[in-house]
Amino acid sequence: MWIADGWKDYEVIDTSAGEKLERWGDYILVRPDPQVIWNTPHSAPEWKRKNGHYHRSNKGGGQWEFFDLPEQWDISYRDLTFHLKPFSFKHTGLFPEQAVNWDWVRSLIQDAGRPIKVLNLFAYTGGATVACAKEGAAVTHVDASKGMVTWAKENAAASGLSDAPIRYLVDDCVKFVEREIRRGNQYDGIIMDPPSYGRGPKGEIWKIEEKIFPLIQLCTKILSDEPLFFLINSYTTGLQPAVLSYMINLEITSRFGGRTEAEEIGLPVRGGKLILPCGASGRWWR
């Protein structure tokens, strides 16, 4: 398992009964987590000092209950800064477990010794975008949500990257890649963090089990002649690490050589009691 254990401003304090107790900077949140199927005593005192609690509904969805929580606040990871705010379906605008992938792509870009162009698909609020840009990469950031793209710009500015070569696009990721093929544009690194299910800006339906492999095939056509890395992240239960590895090997390793690895990613729980699983990632590099 790849563990995001480099955080100072974030930690999972405790887990119990379908929920995780987290510290996001100075604030304590309780949020649902489907992996937490055990019920243990609430021994951590922070359970009683929470600033926000997302209550899941039996009918689907849920709602926040707030206790002295600001509308927005910042946390940092190494030299990156992110704006946080609680919004629909329990999210805060950041997936902290992805820090393990940010560190990986940064090290590759840093060691490349040449200009690197990166495409970040389903790029959300730009965690991977600012990580790559911090190492000097030129990044194309694509997401179907205008609000998420605006948020990514704010995170880049907060990280001192207002003038970095980042191109922000509100677009359907598949259609964007198809147009890039026709335009002849190429990238040295591709990152994708697709949802299990979603809709594009014009209502395009995305189902990961149906769409992910054809998208990987399309992306091989916009990799440069000397690609540096390819990264897929998945929160979908059916896409286990072995499945990610197989798809990457089939379409990328077979063409470019290099190395492929896939693992679960996770977050440490305070006190070393547990590593909380948070999806899986597949990586290719050379």
In the single-linkage hydrophobic clustering (I, L, V, M, F, W, Y; side-chain heavy atoms under 4.5 Å), do Leu80 and Leu231 co-cluster? no

Identify which one of Arg56, His42, His53, Arg31 satisfies the side-chain hydrogen bond (donor to acceptor under 3.5 Å, both in side chains) criterion when paired with Glu19. His53

One should read off an interatomic distance between Asn185 CG and Thr140 OG1, to the nearest 0.5 angstrom, of 8.0 Å

State whether the side chain of Asp5 and the backbone N or O of Pro268 hold a donor-acceptor pair below 3.5 Å, judged by distance alone. no

Has Thr81 got a side-chain atom pairing as donor or acceptor with Ser159's backbone, closer than 3.5 angstrom? no

Would you say the side-chain atoms of Asp68 pair up with the backbone N or O of Asn51, donor to acceptor, closer than 3.5 Å? no

Is there a donor-acceptor pair under 3.5 Å between the side chain of Asp188 and the backbone N or O of Lys117? yes

Close aromatic pair by centroid cut-off 6.0 Å: Phe95 and Tyr124: yes

Gly282 and Ala262 have their tightest heavy-atom pair at CA-CB, 3.9 Å

From Gln63, Lys90, Glu65, residue fulfilling side-chain hydrogen bond (donor to acceptor under 3.5 Å, both in side chains) relative to His55: Glu65

Tell me, please, whether Trp151 has Lys85 positioned over its six-membered ring: NZ or CZ under 6.0 Å from the ring centre and within 45 degrees of its axis? yes

May I ask whether Val105 and Ile3 are part of the same hydrophobic cluster, defined by side-chain heavy atoms of I, L, V, M, F, W, Y residues being less than 4.5 angstrom apart, directly or through others? no

Would you say that Cys219 contacts Met192 through its side chain, given a criterion of any heavy-atom pair below 4.5 Å between the two side chains? yes

Take Asp26 and Trp73, measure what side-chain hydrogen bond (donor to acceptor under 3.5 Å, both in side chains) needs, and give me the verdict at the end. CA-CA 9 Å; Asp26 295 330; Trp73 71 101; over 6 Å; no

Does Ile248 offer a backbone N or O that forms a donor-acceptor pair with the side chain of Thr260 under 3.5 Å? no

Heavy atoms, side chains only, cut-off 4.5 Å: are Leu267 and Pro96 in contact? yes

Among Tyr10, Trp7, Trp102, whose ring pair (Phe, Tyr, Trp, His ring centres under 6.0 Å) with Phe82 holds? Trp102

For Ile191 versus Cys132, what's the shortest heavy-atom pair and its separation? CD1-SG, 3.9 Å

If hydrophobic clusters are built from ILVMFWY residues whose side chains come within less than 4.5 Å, do Leu244 and Leu218 share one? yes

Take Asp74 and Asp9 through the side-chain contact (heavy atoms from CB on, under 4.5 Å) test and state the conclusion after the steps. CA-CA 9 Å; Asp74 291 351; Asp9 279 3; over 6 Å; no

Under 30°, 30 to 60°, or over 60°: which ring-plane class applies to Phe87 and His91, parallel, tilted or perpendicular? tilted

Asn120/Thr129 under side-chain hydrogen bond (donor to acceptor under 3.5 Å, both in side chains): CA gap, chis, key distance, verdict: CA-CA 7 Å; Asn120 189 9; Thr129 294; 2.8 Å; yes

Look up atom CG in Asp103 and atom CG in Leu108, then write down how far apart they are to the nearest 0.5 Å. 11.0 Å

Side chain Lys20, main chain Val36, donor-acceptor under 3.5 Å: no

In terms of heavy-atom contacts, does CD of Gln217 have more than 12 from other residues, nucleotides or ligands at under 6.0 Å? yes

Within the supplied structure, the quantity of interest is the number of heavy atoms (other residues, nucleotides, ligands) at a distance under 6.0 Å from Asp163 CG; does it exceed 12? no

Search all heavy atoms of Tyr168 against all heavy atoms of Val149 and return the closest pair with its distance. CB-CG1, 3.7 Å

Is there a path from Trp285 to Ile116 through hydrophobic residues (I, L, V, M, F, W, Y) whose side chains come within less than 4.5 Å of each other? yes

Okay, side chain of Asp193, backbone of Ala123: is any donor-acceptor separation there less than 3.5 Å? no

Distance under 6.0 Å and angle within 45° of ring axis: Arg283 vs Trp2: yes

Work out which heavy atom in Val139 is nearest to a heavy atom in Ala133; give both atom names and the distance. CG2-N, 3.9 Å

With rounding to the nearest 0.5 Å, note down the distance linking OG in Ser234 to CE in Met247. 7.5 Å

Trp284 vs Ile232 side-chain heavy atoms within contact, under 4.5 Å: no

Hey, quick one: are Phe256 and Ile222 part of the same hydrophobic cluster, counting side-chain heavy atoms closer than 4.5 Å, chains of contacts allowed? yes

Could you give me the CA-CA distance, side-chain angles and deciding distance for Ile13 and Ile28, then say whether side-chain contact (heavy atoms from CB on, under 4.5 Å) is met? CA-CA 9 Å; Ile13 300 168; Ile28 305 299; 3.8 Å; yes

Student check: side-chain heavy atoms of Asp14 and Glu46 closer than 4.5 Å: no

Trp24 and Leu69: side-chain contact (heavy atoms from CB on, under 4.5 Å), yes or no, with the steps? CA-CA 11 Å; Trp24 297 81; Leu69 185 72; over 6 Å; no

4.5 Å side-chain heavy-atom contact, Ile75 and Leu94: yes

Got a second to check how far Glu251's CD is from Leu223's CG, nearest 0.5 Å? 11.0 Å

Any idea which heavy atoms bring Cys278 and Tyr235 closest together, and the distance? O-CE2, 3.2 Å

For residues Trp104 and Glu261, determine if any side-chain heavy atom of one lies less than 4.5 Å from a side-chain heavy atom of the other. no

Is Arg78 close to Lys134 at the side-chain level, that is, under 4.5 Å between some pair of heavy atoms? no

Within the side chain of Tyr54, is there an N or O that forms a donor-acceptor pair under 3.5 Å with the backbone of Gly62? yes

Please report the interatomic distance CG(Asn155) to CE(Met148), rounded to the nearest 0.5 Å. 10.0 Å

Here the gap from Ile37 atom CD1 to Thr15 atom OG1, rounded to the nearest 0.5 Å, amounts to 11.0 Å

Is the shortest side-chain heavy-atom distance between Phe213 and Leu250 below 4.5 Å? yes

Salt bridge check, Glu180 against Arg167: does any charged N sit closer than 4.0 Å to a carboxylate O? yes

Steps toward side-chain contact (heavy atoms from CB on, under 4.5 Å) verdict (Thr125, His83): CA-CA 9 Å; Thr125 60; His83 294 328; over 6 Å; no

For the residue pair Glu263 and Met1, what are the closest heavy atoms and their distance? OE1-N, 3.5 Å

